[in-house]
Amino acid sequence: MSLDKEKIKHVAKLARISVDDAKVESLTKDLNSIFKFIEQLNELNTDKVEPLTSILNQSLRSRKDEISDGKIREKVLKNSPKENEEFFVVPKVVE
Amino acid sequence: MSDITNQSLNEIIENVKTKKVSSTDLTKAYIKNIESAKKLNAFVTTTFDQALDKAKQFDNKPNFDQLLPGIPLAVKDLFCTENTKTTAGSNILNNFIPSYESTVTKNLWNNGSFLLGKLNCDEFAMGSSNETSHYGNVINPVGDQLVPGGSSGGSSSALAADLTPATIGTDTGGSIRQPASFTGTVGLKPTYGLCSRWGIVAFASSLDQAGPMTKTIKDCAIMLESMSGFDEKDSTSINKKKEQYSKNLKDNIKGLKIGIPKEYRVDNMPKEVDELWEKGKKILKDLGAQLINISLPHTKYALPTYYIVAPAEASSNLARYDGVRYGYRSKQGKDLIEMYEKTRSEGFGDEVKRRILIGTYVLSSGYYDAYYLKAQKVRQLIKKDFDDSFTKIDAILTPSTPSSAFKIGEKTNDPVSMYLNDIFTVPVNLAGLPALSMPAGVDKQGYPLGLQLIGKALDEQKILNIGYAFEKNCGFKNEIKKWWS
């Protein structure tokens with residue numbers, strides 16, 4: 001399989017990263033060499049292998065569904081690049 | 001007293017306890033070292049005033065019964081520290097000041113230590129040379145053109161240069177053990193789930209583990225004891241009793257069975273790495289351990305598997321950096337989508353973008369089975385290799401890295417050649433096992449090389465014991481000239 005420039009632009013769109021046309025060339029080269037390396041896995045027959053979904057020999061714990069925290073709006077908003085008192089502010093979404 | 005900063009953590013603790021040095025004088029000694037070591041670029045942030053306050057508080061009301069009494073510690077800038085900037089080596093977090101403390105750093109502070117500063121690292125811990133950091137390359141104290149390893153490169157550099165008595169890093173594919181090997185220091189990646197991941201900037205959640213980086217094995221045991229433990233805020237934290245690794249450290253390894261995997265001898269490996277491995281085997285054999293040849297047949301597939309699993313998880317984890325709630329936001333972007341795209345393009349560096357794109361691609365519709373599902377299956381086979389071997393052995397001995405520290409810029413143009421550096425460390429992360437890198441010798445250029453001990457899950461005490469016995473009989477001494485000050 002090889003990745004072409006169009007495909008890379010599409011994946012970049014999915015990942016919400018804008019990529020300059022100037023950079024697409026080198027990115028295509030790098031990603032293709034990485035995928036060539038990754039595709040060594042195709043040598044292995046894994047038809048009868050169960051996928052490993054957790055490395056731990058324990059299932060996820062459950063907890064009581066109750067509030068353990070709260071009333072920290074100021075702390076939560078403290079690091080926002082742009083805030084308006086009680087809200088996170090983003091560029092206009094609805095006309 | 002002679003220079004206290006070149007002593008081991010254990011010796012320093014003894015000196016504090018016997019009042020040969022105050023916490024304040026100790027802290028001042030490290031601050032002096034740090035200020036004269038700016039060339040190494042190991043620190044992103046220093047917290048000297050705060051550290052001196054804490055030291056003074058300790059000296060006024062000392063509690064010597066703690067594990068880390070009055071000890072200043074610098075930590076990797078991937079651990080969130082309350083009210084102290086935490087960047088993860090990235091531009092996208094260049095102004096992020098957490099309002100909470102990571103569990104492992106909180107554990108360290110609860111044992112009497114305090115923060116000296118935040119250490120440089122590869123951006124989001126993605127790198128093997130510390131060259132992907134937004135805050136510049138870190139220099140290896142071993143030589144002024146050498147990388148300190150990565151991603152915990154600021155940690156290994158600061159430790160080897162006596163800028164902190166011990167430190168902590170994170171290890172997703174070798175990020176503690178490879179820099180330890182490159183700087184002649186000790187690094188341990190614990191069993192997945194032993195140290196809480198809560199409050200650590202996430203890279204690949206099924207692989208990430210925090211662990212100690214120290215000058216000696218005893219120091220490593222002390223730090224692990226302090227930082228580990230169950231945490232209900234981490235859903236994959238293992239609920240078990242805390243171990244006393246330092247108290248239980250023993251150097252008798254008679255009768256232990258050490259596995260030697262034939263797959264860890266790779267093409268183009270320098271002769272010295274092989275010779276050092278032989279030396280390590282001989283030392284353990286002379287101490288009464290039994291060497292057993294084993295096979296881990298899927299070893300060569302570990303790195304390709306890792307480069308599907310880790311980027312896939314990273315692409316999900318890093319989706320949170322959108323310029324809305326915290327971190328960097330681009331000034332460009334007319335609408336919401338464009339603001340996201342510009343923020344992420346300007347905020348992330350090239351290696352992080354590469355990995356997000358790989359991850360997005362392997363998880364995208366139509367490719368999931370071919371890549372991600374395939375990788376999960378091969379991961380099962382890699383884990384099974386270890387499970388099968390550990391029915392007949394106690395631990396595994398391998399080289400830590402296929403080479404010693406390389407020059408800055410030597411591998412930056414070829415991502416795959418950079419990735420190959422982690423060939424011996426990655427399998428352990430995929431299988432969730434503990435592994436220790438310990439200094440063992442030098443190559444013909446005089447650069448340090450490490451050997452790796454891999455244990456069964458939760459068998460940290462045993463690999464620390466083997467390392468302890470090895471260290472006493474290896475005769476390695478890290479001789480670093482302070483050329484930078």
Side-chain angles (χ1 to χ4, degrees), chain A residues 1 3 7-8 10-20 23 26-27 29-31 33-58 60-63 68-69 72 74-83 88-93, chain B residues 95-97 99 192-193 206 232 235-236 238-239 298 300-301 303-305 307-308 315 319 322-329 333-342 344-345 348 353-354 356-358 360-361 364 371 373-381 383 414-416 419 430-432 457:
Chain A
M1 192 242 20
L3 282 159
K7 184 143 253 164
I8 284 175
H10 173 66
V11 175
K13 195 85 197 161
L14 293 177
R16 296 277 184 258
I17 295 177
S18 75
V19 180
D20 298 345
K23 281 231 164 156
S26 67
L27 206 50
K29 182 179 142 271
D30 287 343
L31 292 189
S33 84
I34 294 165
F35 273 95
K36 194 171 156 236
F37 177 70
I38 287 173
E39 284 167 5
Q40 286 179 66
L41 295 187
N42 295 337
E43 296 166 24
L44 283 172
N45 183 336
T46 52
D47 291 350
K48 290 185 179 139
V49 183
E50 280 294 307
L52 187 149
T53 51
S54 169
I55 206 73
L56 289 168
N57 292 321
Q58 66 182 38
L60 291 176
R61 297 182 304 275
S62 55
R63 60 166 172 79
S68 60
D69 206 344
I72 51 167
E74 267 178 41
K75 276 188 173 185
V76 171
L77 287 168
K78 197 186 74 177
N79 275 293
S80 72
K82 203 171 180 185
E83 58 175 293
F88 294 113
V89 177
V90 295
K92 196 153 87 179
V93 182
Chain B
N95 55 4
F96 177 58
I97 298 174
S99 54
Y192 183 78
S206 80
E232 61 180 18
S235 62
T236 58
I238 298 172
N239 193 352
H298 298 92
K300 75 174 263 209
Y301 299 107
L303 213 44
T305 301
Y307 275 95
I308 295 172
S315 77
D322 56 6
V324 173
R325 291 150 304 149
Y326 49 83
Y328 173 83
R329 178 189 289 193
K334 294 180 292 294
D335 56 27
L336 187 62
I337 300 291
E338 212 179 292
M339 188 278 279
Y340 291 151
E341 291 179 343
K342 295 285 182 197
R344 289 164 64 78
S345 178
F348 293 135
K353 284 182 205 167
R354 266 200 290 271
I356 292 175
L357 294 183
I358 296 168
T360 306
Y361 182 69
S364 64
Y371 292 108
L373 191 67
K374 179 85 185 180
Q376 283 184 310
K377 289 180 169 186
V378 181
R379 189 173 179 183
Q380 185 80 270
L381 295 172
K383 182 174 182 292
D414 180 0
V416 174
Y419 298 170
L430 291 168

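Any value given below was found using the heavy atoms of this structure, including those in side chains, with hydrogens, waters and symmetry copies removed. Just so it is clear: chains get the letters A, B, ... in the order the sequence lines come, proteins before strands, and each one is counted from 1.
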Say you draw a straight line from [atom1] of [X] to [atom2] of [Y]; how long is it, rounded to the nearest 0.5 Å?
| X | Y | atom1 | atom2 | answer |
| --- | --- | --- | --- | --- |
| A/S18 | B/E338 | OG | CD | 8.0 Å |
| B/Q376 | A/S54 | CD | OG | 10.5 Å |
| B/L357 | A/I34 | CG | CD1 | 10.0 Å |

Between [X] and [Y], which heavy-atom pair has the shortest distance, and what is it?
| X | Y | answer |
| --- | --- | --- |
| A/L56 | B/Y192 | CD2-O, 3.5 Å |
| B/K377 | A/V49 | CE-O, 3.2 Å |
| B/Y371 | A/E39 | OH-OE2, 2.6 Å |
| A/I17 | B/I356 | CD1-CG2, 3.9 Å |
| B/V324 | A/F88 | O-CD2, 3.7 Å |
| A/L41 | B/K374 | O-CE, 3.2 Å |

Below 4.5 Å, heavy-atom pairs only: which of [options] has the largest tally toward chain B?
| options | answer |
| --- | --- |
| A/V76, A/V89, A/L77, A/I55 | A/I55 |
| A/H10, A/K29, A/K36, A/K13 | A/K13 |
| A/N42, A/D20, A/I38 | A/I38 |
| A/L60, A/D30, A/L14, A/V93 | A/D30 |

Is there a side-chain contact between [X] and [Y] in this structure, where contact means two heavy atoms from C-beta onward sitting under 4.5 Å apart?
| X | Y | result |
| --- | --- | --- |
| A/L27 | B/K353 | no |
| B/Y361 | A/L31 | no |
| A/Q40 | B/K300 | yes |
| A/N79 | B/R325 | no |
| A/P91 | B/L336 | yes |

If you count heavy-atom pairs within less than 4.5 Å of chain A, which of [options] leads?
| options | value |
| --- | --- |
| B/D335, B/I358, B/L373 | B/I358 |
| B/G333, B/A431, B/S364 | B/A431 |
| B/G432, B/P415, B/G193 | B/P415 |

Which region of [X], side chain (C-beta onward) or backbone (N, CA, C, O), has a non-hydrogen atom less than 4.5 Å from a non-hydrogen atom of chain A, or is it both or neither?
| X | value |
| --- | --- |
| B/L430 | backbone |
| B/T236 | both |
| B/K383 | side chain |
| B/N95 | backbone |

Side chain of B/R344, backbone of A/A15: donor and acceptor closer than 3.5 Å? yes
Count the heavy atoms of every other residue, nucleotide or ligand shown that sit under 6.0 Å from CD of A/E43, and state whether that count exceeds 12. yes
Tell me whether the count of non-hydrogen atoms from other residues, nucleotides or ligands lying under 6.0 Å of CZ in A/R63 goes above 12. no
Examine whether an atom of A/K78 lies under 4.5 Å from a heavy atom of chain B, and if so say whether it belongs to the side chain, the backbone or both; otherwise answer neither.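 Side chain only.
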